[in-house]
Amino acid sequence: MFYKTLKRFPDHFLWGASTSAYQIEGAYNEDGKGLSVQDIYETPEGITDFKDASDHYHHMKEDVKLMAELGMKAYRFSIAWTRIIPDGDGEVNAAGIRFYNDLINELIAYDIVPVVTMYHFDLPLELHKKGGWGNRKTVDAFERYAKVLFENFGDRVKYWLTINEQNVMINHPNAMNPGKVPSKKELYQQCHHMFLAGAKATLLCHQMCKGGKIGPAPNITAIYPEKCNPADVIAADDWESIRCWLYLDMAVYGRYNSLVWAYLEEKGYTPIMEAGDMEILAEAKPDFLGVNYYATATVSASKNDGTDCQPRNGDQQVMIGEEGVYRAGENRYLEKTEYGWIVDSIGLRVTLRRIYDRYHLPLLITENGLGAKDVLNDDGTVHDQYRIDYLERHFKQAQLAITDGVDLIGYCPWSFMDLVSTHQGYGKRYGFVYVNRDEADLKDMGRIKKDSFYWYQQVIQSNGELLGI
Ligand code: BG6
């Protein structure tokens with residue numbers, strides 16, 4: 001549909017940026033912090049680990065000052081569970097509380113709204129050793145951790161995100177399960193426990209944090225059928241439900257998506273539940289939904305002949321197919337990044353419309369961005385026009401989605417500063433701020449504003465008017 005006039009970005013729109021603890025903080029074993037599964041993750045040869053990351057732990061004030069200079073209205077970051085409770089369910093670490101208190105106070109001093117993710121891929125190693133999310137006791141540990149967070153920060157943090165990309169942890173489990181990759185059956189048991197953990201944290205937040213809002217932050221992406229062949233449409237519906245709607249249907253309605261339940265039964269993956277689980281899940285109601293969006297995916301009908309799952313590298317955005325369910329397809333209308341991720345700005349509008357139409361809750365984009373091999377020039381500049389182009393196209397589609405009636409409350413691109421990518425180390429950069437280090441050499445960790453920093457500063461200042469559509 002063409003509009004004569006577009007709606008403006010709302011007043012108080014949360015223009016922000018995102019990061020996660022283990023990808024930026026470094027100081028992995030300082031001031032009483034316990035180890036997480038990410039701290040022992042064995043990265044491939046030539047790719048950095050997460051131990052030093054962007055050394056934000058020691059540059060916190062400098063980094064927040066840069067956020068203020070950028071004009072950020074919100075900052076979405078995660079708290080490292082192992083800084084707060086080093087072994088996951090034991091003693092509380094005062095130094096960890098102090099670090100995040102200082103960060104939150106610093107943000108508030110600059111009028112930047114803290115948006116806190118409680119758990120972003122970094123399960124405490126001690127809990128992992130006891131079975132991780134496969135062990136129901138991890139639900140209790142998370143509930144207690146949530147209580148500690150709300151007690152200590154709930155007076156100042158009004159936006160909470162329970163679990164980052166639960167769907168990625170279930171569909172791409174390698175990095176979160178060192179030692180042994182769980183079977184699908186085990187993963188859907190983990191998934192059920194994570195649902196309970198998220199629901200219990202949601203209920204607790206509403207009890208403990210006056211004015212607090214809480215929601216999940218899954219990685220949601222519209223799935224397109226490769227052709228208008230109805231069999232492809234069924235495959236796209238199935239995969240969209242398994243990959244996306246399972247997670248949001250549970251968070252919002254407290255029930256298993258019916259297509260997904262049929263899939264779990266067919267495959268023998270149904271989780272063990274206890275009496276009362278479904279009541280807890282139904283009782284917990286999110287106030288808003290975080291949405292991590294990078295790319296759409298295109299699929300075709302399963303052939304169910306042993307060839308549906310293709311032997312190529314998949315990741316959170318690159319689908320590989322699942323036997324008897326769907327095959328990965330090509331979309332000839334869309335380009336890819338140098339890392340093979342589809343670039344689909346209109347897909348963002350499609351995705352936001354689909355989510356809003358299903359749930360009618362305020363949406364906050366908690367991640368979206370372009371990973372690239374940025375170059376620091378001799379004169380200290382970083383010309384990342386490709387990132388500006390990418391974000392500009394996506395911001396314009398967000399404005400169209402707002403015009404379509406989507407209640408979009410903010411946009412936090414990934415990422416505020418360069419950080420360690422989940423799979424491609426420090427070579428794949430996302431930030432508005434360049435961090436002067438590379439895979440092997442930590443250099444001086446200097447902070448350098450990229451061209452995109454100055455551009456985004458103008459976008460925020462003009463509340464999106466600069467986009468000019
Ligand atoms: C999301 C994660 O899946 O994608 C982030 O929440 C991650 O942690 C981001 O960094 C980009 O992915 P990658 O693999 O390029 O780092």
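Computed over heavy atoms, backbone and side chain alike; hydrogens, waters and symmetry mates excluded. Throughout, residue positions are numbered sequentially from 1 according to the sequence presented. Remember, it's 1-based here, ligands and their atoms both numbered in the order they're listed.
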Among protein heavy atoms, which lies nearest [atom], and at what distance?
{"atom": "atom 3 (O) of ligand 1", "answer": "E165 OE1, 2.5 Å"}
{"atom": "atom 12 (O) of ligand 1", "answer": "Q316 NE2, 3.0 Å"}
{"atom": "atom 14 (O) of ligand 1", "answer": "T422 OG1, 2.4 Å"}
{"atom": "atom 9 (C) of ligand 1", "answer": "Y294 OH, 3.3 Å"}
{"atom": "atom 6 (O) of ligand 1", "answer": "E367 OE2, 2.8 Å"}
{"atom": "atom 10 (O) of ligand 1", "answer": "Q23 NE2, 2.9 Å"}
{"atom": "atom 11 (C) of ligand 1", "answer": "Y430 OH, 3.3 Å"}

Kindly list each side-chain donor-acceptor pair under 3.5 angstrom involving residues 123-134, sequence neighbours excluded, with atom names and distances?
{"from": "E126", "atom 1": "OE2", "to": "K129", "atom 2": "NZ", "distance (Å)": "3.1"}
{"from": "H128", "atom 1": "NE2", "to": "P178", "atom 2": "O", "distance (Å)": "3.0"}
{"from": "W133", "atom 1": "NE1", "to": "Y119", "atom 2": "OH", "distance (Å)": "3.0"}

Within the 4.0 Å heavy-atom shell around H423, which atoms of ligand 1 are there?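 Within the 4.0 Å cut-off of H423, ligand 1 contributes 14 (O).
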- prompt: Which ligand 1 atoms does K428 reach within 4.0 Å, using its non-hydrogen atoms?
  reply: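 In order of numbering, the contacting atoms are 13 (P), 15 (O).
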Assess whether a salt bridge exists between [X] and [Y], defined as any Lys/Arg side-chain N lying under 4.0 Å from an Asp/Glu carboxylate O.
{"X": "D31", "Y": "R83", "answer": "no"}
{"X": "R354", "Y": "E240", "answer": "yes"}
{"X": "D89", "Y": "R144", "answer": "no"}
{"X": "K33", "Y": "D39", "answer": "yes"}
{"X": "D374", "Y": "R429", "answer": "no"}
{"X": "D441", "Y": "K443", "answer": "no"}
{"X": "R437", "Y": "D444", "answer": "no"}

Heavy atom of [X] under 4.0 Å from ligand 1?
{"X": "H120", "answer": "yes"}
{"X": "V168", "answer": "no"}
{"X": "Y339", "answer": "no"}

Part of D315 with heavy atoms under 4.0 Å of ligand 1, whether side chain, backbone, both or neither:
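Neither part.
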Location of contacts on Y22 toward ligand 1, heavy atoms closer than 4.0 Å:
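Looking at Y22 and ligand 1, no heavy atom falls under 4.0 Å.
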| request: Please confirm whether the backbone N or O of H394 pairs with a side-chain atom of Q397, one donor and one acceptor, at under 3.5 Å? | output: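 Pair absent, no side-chain N/O of Q397 close to backbone of H394.
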task: Any salt bridge (Lys or Arg N to Asp or Glu O under 4.0 Å) involving residues 362-372? Give me the pairs, sequence neighbours left out, ordered by first then second residue.
output: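 Residue pairs passing salt bridge (Lys or Arg N to Asp or Glu O under 4.0 Å), neighbours aside: R76-E367.
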Looking at ligand 1, does any of its N/O atoms fall within less than 3.5 Å of an N/O of N164?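 Yes, since at least one N or O of N164 sits under 3.5 Å from an N or O of ligand 1.
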